[in-house]
Amino acid sequence: MFQLAKAPRSILLAALLTTSLSAVASNTILLPDIGTTAASTLTIDKEIQYGDMYMRMMRASRPIINDPVLSEYIQDLGHKLVANADGVKTPFNFFLIQNYDINAFALFGGNIGAHSGLFLHAKTESELASVLAHEIAHVTQRHLARTLEDQAKKNPATMAALIGSLLLVVAAPEAGMAALHTTTAVSMQGMLNHTRSNEKEADRIGIDTLAKAGFNPQAMPHFFGRLAEKYRYTTTLPPMLLSHPLPESRITDSRMRADNYSTVRLPPSERYLLAKSRIVARNLGFSQTSALNWFNTELKKAPANQRKELNYGKGLVYLDNGQYTKAQQLLMPLLTAEPNNLFYIDAMTDIDLYQKHYDKAITRLEKALQYQPENTVLQLNLANVLLDAKRYKHSLNILTRYTYQHSNDTNGWALLAQNYAKQNQRAGELAAMGELAALRAQWKLAISNYTQAAQQAPLGSLDQARYDARLDQLRIQQAQFEALRSSF
């Protein structure tokens with residue numbers, strides 16, 4: 001459920017491929033908490049404000065994957081790493097972007113994005129975790145703030161321009177570097193050197209976090225080595241790889257660093273393999289034929305204990321193309337064997353929706369919620385089924401509570417707007433659409449929607465008072481947002 005339109009390829013490259021590693025140090029040595037040195041330039045609170053600003057801009061302009069199943073997976077994986085990271089001073093948020101190319105980036109305020117293309121290149125969950133661990137280190141060591149401080153010492157007048165440009169650098173390296181050329185008189189070589197230093201530190205600390213979280217520390221050099229080999233003889237490289245090469249020394253240093261930790265041999269992660277199959281089926285821009293060819297090729301060489309995840313992916317391809325019988329033949333046995341598996345529950349719920357088997361889906365979801373009452377995937381699925389079954393009141397109760405607890409989740413607000421629309425409650429629909437607009441920094445639209453909602457609510461009613469209060473909040477948020485953005 002909640003699929004995005006398929007996106008074309010872009011030419012962004014992995015942020016982790018941007019320079020060399022540090023010298024090897026024993027894992028018994030405490031890693032320095034040097035990220036706090038940036039406090040004089042940019043406070044933690046200000047970083048969080050910038051992070052919130054840029055996330056709103058990204059929701060409006062980037063193909064963020066709003067798939068509850070994949071969102072839960074990447075959040076769980078990311079927070080497992082954060083729980084084992086040192087120097088955590090901000091909340092963390094992990095999200096996926098629909099893009100075929102390899103990339104991951106850290107924004108201000110603990111917001112970490114990863115491209116769906118990473119799943120094609122990461123062979124294990126540990127390799128994917130190594131990318132996230134690297135980006136977590138960028139955040140805990142406050143690399144963006146430290147870069148600002150370093151450049152401000154040379155030319156304080158460039159501070160505002162650097163803030164704006166650096167927000168672009170982490171998410172769109174080519175555009176960001178171009179912005180730096182046009183908005184500052186600072187030496188680009190100095191900027192690149194500082195970035196290389198940050199990359200060394202992020203690799204070193206990332207491996208330590210990876211090991212503490214129970215993943216294979218060798219995953220990082222394995223991933224580096226395979227990517228280096230892929231691009232070794234390529235004559236036309238993306239710009240980021242040309243300006244920030246992956247030298248052999250980085251691979252060697254990361255391997256030596258990882259050798260200081262105990263070897264971890266982990267069984268294949270079922271959740272990672274299921275997430276990978278879901279990505280291939282829905283979030284890489286493959287046609288039905290291309291996706292099925294990929295799964296069939298992988299099935300021929302996959303060990304027996306990894307075929308169910310590939311069959312799950314094939315089932316999704318059939319489901320998304322309206323071939324429900326074929327989809328059910330693949331997916332139903334998987335759900336029967338693992339009735340509490342969220343990937344399978346979500347897929348079979350979609351089939352039930354298309355076939356209008358509402359009672360069957362509701363019974364399954366309510367049973368699962370008895371064991372996981374706060375699970376976001378189950379809550380959204382149940383609200384969606386109830387909405388389709390025209391059980392609006394029950395669906396509304398779930399969604400009202402959900403949007404209160406998960407106010408940054410666009411899925412909840414979109415379903416709530418649909419619920420109100422189907423009940424011909426225009427004021428509620430406008431308010432929910434207003435929240436969606438605010439999450440995308442579309443302030444004028446958000447304020448307009450809430451103004452109309454207040455006008456349509458009964459005079460003197462609680463709803464009118466609530467809408468008017470929210471209007472005041474939105475105007476304040478808009479002013480703060482514009483002030484922050486205009487500062488650079």
Side-chain angles (χ1 to χ4, degrees), residues 1-4 65-73 270-271 274-275 277-278 281-282 308-309 311-406 409-426 428-429 432:
M1 63 188 296
F2 308 114
Q3 299 171 49
L4 287 177
I65 297 176
N66 291 312
D67 179 328
V69 179
L70 292 174
S71 294
E72 183 186 66
Y73 171 74
E270 179 185 14
R271 291 190 74 205
L274 287 170
S277 286
R278 194 174 179 96
R282 291 179 166 173
K308 64 180 179 180
E309 294 88 356
N311 281 322
Y312 163 74
K314 282 186 67 175
L316 291 183
V317 175
Y318 287 131
L319 190 163
D320 294 344
N321 286 278
Q323 297 172 275
Y324 305 127
T325 300
K326 287 185 176 181
Q328 192 162 5
Q329 288 172 349
L330 286 170
L331 294 170
M332 195 62 211
L334 300 176
L335 180 62
T336 301
E338 298 181 52
N340 295 319
N341 188 306
L342 293 175
F343 287 86
Y344 303 152
I345 290 174
D346 179 87
M348 284 305 302
T349 298
D350 283 348
I351 292 177
D352 288 336
L353 272 174
Y354 292 127
Q355 297 180 336
K356 301 187 184 304
H357 295 162
Y358 302 125
D359 289 341
K360 184 187 297 184
I362 290 169
T363 299
R364 181 190 304 119
L365 290 165
E366 288 182 338
K367 183 178 180 181
L369 277 164
Q370 292 177 5
Y371 301 97
Q372 303 180 69
E374 300 302 319
N375 184 271
T376 56
V377 174
L378 296 175
Q379 288 181 39
L380 287 171
N381 267 281
L382 180 57
N384 194 38
V385 174
L386 290 167
L387 182 60
D388 216 46
K390 300 181 180 181
R391 303 183 191 181
Y392 302 128
K393 184 176 180 180
H394 190 178
S395 176
L396 182 62
N397 289 338
I398 295 172
L399 290 169
T400 300
R401 179 172 176 265
Y402 185 90
T403 51
Y404 177 78
Q405 294 179 331
H406 307 279
D409 188 346
T410 57
N411 290 316
W413 292 112
L415 284 175
L416 187 60
Q418 291 177 38
N419 188 300
Y420 280 124
K422 289 187 176 184
Q423 296 187 76
N424 294 316
Q425 295 185 23
R426 182 59 175 161
E429 179 190 4

Any side-chain heavy-atom pair from [X] and [Y] closer than 4.5 angstrom?
X      : Y      : result
Leu387 : Leu415 : yes
Tyr344 : Leu274 : yes
Glu338 : Glu270 : yes

How long is the span from the [atom1] atom in [X] to the [atom2] atom in [Y], to the nearest 0.5 Å?
X      : Y      : atom1 : atom2 : result
Leu416 : Asn411 : CG    : CG    : 12.5 Å
Lys393 : Leu386 : NZ    : CG    : 13.5 Å
Asp388 : Leu353 : CG    : CG    : 5.0 Å
Ile351 : Met332 : CD1   : CE    : 9.0 Å
Asp346 : Leu335 : CG    : CG    : 11.0 Å
Leu399 : Tyr420 : CG    : OH    : 9.0 Å

Please report the closest heavy-atom contact between [X] and [Y], naming both atoms and the distance.
X      : Y      : answer
Ser71  : Ile65  : OG-O, 3.8 Å
Ile345 : Leu378 : CG2-CD2, 4.0 Å
Gly313 : Ala281 : O-CB, 3.8 Å
Gly315 : Ala327 : O-CB, 3.4 Å
Ala275 : Leu70  : O-CD2, 3.8 Å
Tyr358 : Ala389 : CG-CB, 3.6 Å

**Prompt:** Residues in side-chain contact (heavy atoms from CB on, under 4.5 Å) with Glu72, at least two apart?
**Reply:**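 For Glu72, the residues satisfying side-chain contact (heavy atoms from CB on, under 4.5 Å) (neighbours in sequence not counted) are Asp76, Arg271, Leu342, Asn375, Thr376, Val377.
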**Message:** Closer than 4.0 angstrom, basic N to acidic O: yes or no for Asp320 and Arg278?
**Reply:**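 No, Asp320 and Arg278 are not salt-bridged.
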**Message:** Looking at Arg282 and Asp350, is any side-chain nitrogen of the basic one under 4.0 Å from a carboxylate oxygen of the acidic one?
**Reply:**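 Arg282 and Asp350: salt-bridged.
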Donor-acceptor under 3.5 Å ([X] side chain, [Y] main chain):
X      : Y      : result
Asn311 : Leu330 : no
Thr400 : Leu396 : yes
Gln379 : Pro373 : yes

**Asked** Is there a donor-acceptor contact under 3.5 Å linking the side chains of Asp409 and Tyr402?
**Response**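 There is such a pair (donor and acceptor under 3.5 Å, judged by atom type) between the side chains of Asp409 and Tyr402.
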**Message:** Would you call the rings of Phe343 and Tyr312 parallel, tilted or perpendicular, taking 30° and 60° as the class edges?
**Reply:**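 Rings of Phe343 and Tyr312: perpendicular, over 60°.
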**Item:** Heavy atoms of other groups near Lys356 NZ, more than 12 under 6.0 Å
**Value:**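 Open.
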**Request:** For Asp352 and Val385, run side-chain contact (heavy atoms from CB on, under 4.5 Å): C-alpha distance rounded to whole Å, both residues' side-chain angles, the deciding distance at 0.1 Å, then the answer.
**Result:** CA-CA 9 Å; Asp352 288 336; Val385 174; over 6 Å; no
